[in-house]
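Heads up: the structure comes next, in structure tokens.
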Amino acid sequence: MVSILNNQLRASVHTLGCRLNQSETFLLRDQLVARGYHIVPFGEPSDLAIINTCTVTRSADAKCRAAIRGYIRKNPQAFVAVVGCYSQIGYKAISEVPGVDLIMGNREKFQVLDYASLGKNNRPVIIRDRLTKEDFSIDFVGDTPFNKRANLKIQDGCSFICSFCIIPKARGPARSRDLENLLDEARQLVDRGVRELVLTGVNIGTYQSCDGDLLTVLDLLNEIPGLDRIRISSIEPTTIPAELFPRMNDPEHALLPFMHIPLQSGSNAVLKSMRRKYELAEYLEFLYTANEAVEDLCIGTDIMVGYPTEGEAEFKETCRTFLENPFSYCHVFTFSERETTPAARLKGNDMPVKQLRSAKLRRLSEAKRYAHYESYVGKQMTVLFEDPKDGRWPGYTDNYIRVVAKSDKNLQNQLAHVRMDRVVGDVVEGTVCTILADQKTANRSLMSLG
Ligand code: SF4
């Protein structure tokens with residue numbers, strides 16, 4: 001490999017796909033820094049690239065191949081390692097992309113740097129083992145300062161059998177991260193400046209290590225001094241303990257009033273064919289219980305459009321379910337046949353039908369998100385601000401409303417009470433009222449405002 005910057009090798013990392021992949025790429029990036037690499041943005045000239053891939057849909061596969069090809073075109077001399085879910089499932093297709101040197105599945109990907117000194121290969125080295133069901137720890141090494149929300153991986157894999165889903169094959173069965181190991185990483189992230197942690201995994205509600213369950217994780221994270229916010233990312237409907245609700249309401253607990261609960265379809269017939277673990281009535285009953293139990297709760301969902309057994313009537317049921325119930329927004333996924341899944345054998349909807357339905361549901365989601373944002377105009381909310389962009393400070397409220405504010409003060413990584421002024425596009429413009437020491441102080445003072 002060529003050394004360029006003061007004899008320092010340059011590396012870039014790239015993530016495709018979900019929040020879990022993002023958290024893993026972050027750990028890979030930390031490994032690179034610890035080994036002395038200078039990190040450059042993906043696409044710029046570098047000596048090494050690690051591309052962490054996704055295989056959730058066919059279009060995800062195509063995006064991965066395009067990203068790999070695009071990088072190699074600009075960096076033909078670089079060592080190219082492709083890791084992650086698409087490597088686990090689609091290693092043959094990746095090995096046909098000229099210029100790839102190393103393909104590593106999900107089990108091995110954190111050893112990628114042990115192989116990065118191999119030098120360019122004529123044919124890629126493929127390292128890909130069966131995925132086991134053992135619980136796990138992660139070595140982490142980072143010490144670079146960090147001032148954003150950070151993802152914390154607590155779980156991996158899934159033992160559910162949804163008919164459309166390739167993820168259990170790409171990620172293996174459900175397993176949980178060692179409790180002390182994840183707490184150590186959380187403490188280190190907080191020491192590096194992180195104030196909000198987003199818990200990630202494939203099916204985090206099934207977290208169960210020998211030391212405790214998801215509630216144990218939340219309560220022990222809550223004891224870390226300096227950690228202001230804990231956000232749960234996507235969580236499967238049948239796995240959510242009702243004991244979360246009092247924690248979300250407790251001003252002394254860092255757990256935020258936010259849940260993203262995949263619905264997938266509003267039709268019982270389709271849910272059954274998808275092999276989801278609930279009927280619509282059960283899901284809705286839980287939704288209303290949560291919505292009533294937690295003040296200002298934001299509930300988002302995933303909906304899959306164009307599943308083979310979804311006709312026009314079932315699609316309408318889904319739209320009605322989404323519109324008439326307390327969802328704040330939805331992420332729309334267009335059904336894509338994944339080889340070896342049961343749903344791939346069903347005769348399906350044509351692509352134009354799927355695209356039309358997806359576009360319609362996305363419009364409904366935009367309208368609901370807008371109405372959700374509008375309902376907060378005039379109120380004061382607590383916002384954690386990020387890096388400035390275009391002369392304004394962006395951030396999120398505890399219940400996941402995207403806010404921007406103008407201020408001469410440095411708001412980076414600061415918590416503040418913000419008056420919500422107006423909805424403009426997909427953000428709420430606000431005015432900063434008070435900068436706050438921490439989220440618990442913010443909660444208490446908002447409660448006193450009533
Ligand atoms: S719960 Fe279903 S959709 Fe989610 S990862 Fe597991 S199998 Fe896939």
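Everything numeric here is computed off the predicted structure, so don't read it as measured data. Index from 1, following the sequence. Both ligands and their constituent atoms are indexed starting at 1 by order of listing.
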Using residues 297-304 as the side-chain source, report each donor-acceptor pair under 3.5 Å to any protein atom, sequence neighbours left out, with the distance given to one decimal.
{"from": "T301", "atom 1": "OG1", "to": "I261", "atom 2": "O", "distance (Å)": "2.6"}
{"from": "T301", "atom 1": "OG1", "to": "L263", "atom 2": "N", "distance (Å)": "2.8"}
{"from": "D302", "atom 1": "OD1", "to": "H260", "atom 2": "NE2", "distance (Å)": "2.6"}

Point to revise | Every N, O or S from the protein that is nearer than 2.8 Å to atom 2 (Fe) of ligand 1 | key: C162 SG
Practice item. List in chain and number order the residues that pass side chain to side chain contact (heavy atoms under 4.5 Å, CB included) with L220, two or more places apart in sequence or in another chain; answer none if no residue qualifies. Key: L179, L183, T216, E223
Check your understanding: Where does the angle between the aromatic ring planes of F42 and H14 fall among parallel (under 30°), tilted (30 to 60°) and perpendicular (over 60°)?
Key -> parallel
Check your understanding: Going by atom types alone, do T397 and R402 pair a side-chain donor with an acceptor below 3.5 Å?
Key -> no
Practice item. Would you check if there is a donor-acceptor pair between the side chains of Y307 and S163 at a distance under 3.5 Å? Key: yes
Donor-acceptor pairs are to be reported for all side-chain atoms of residues 124-132 against protein atoms at under 3.5 Å, with residues two or more places apart or in another chain.
{"from": "R128", "atom 1": "NE", "to": "Q88", "atom 2": "O", "distance (Å)": "2.4"}
{"from": "R128", "atom 1": "NH2", "to": "Q88", "atom 2": "O", "distance (Å)": "3.3"}

Exercise for review: Could you tell me which atoms of ligand 1, counted from 1 in the order shown, lie closer than 4.0 angstrom to a heavy atom of V202?
Suggested key: 5 (S)
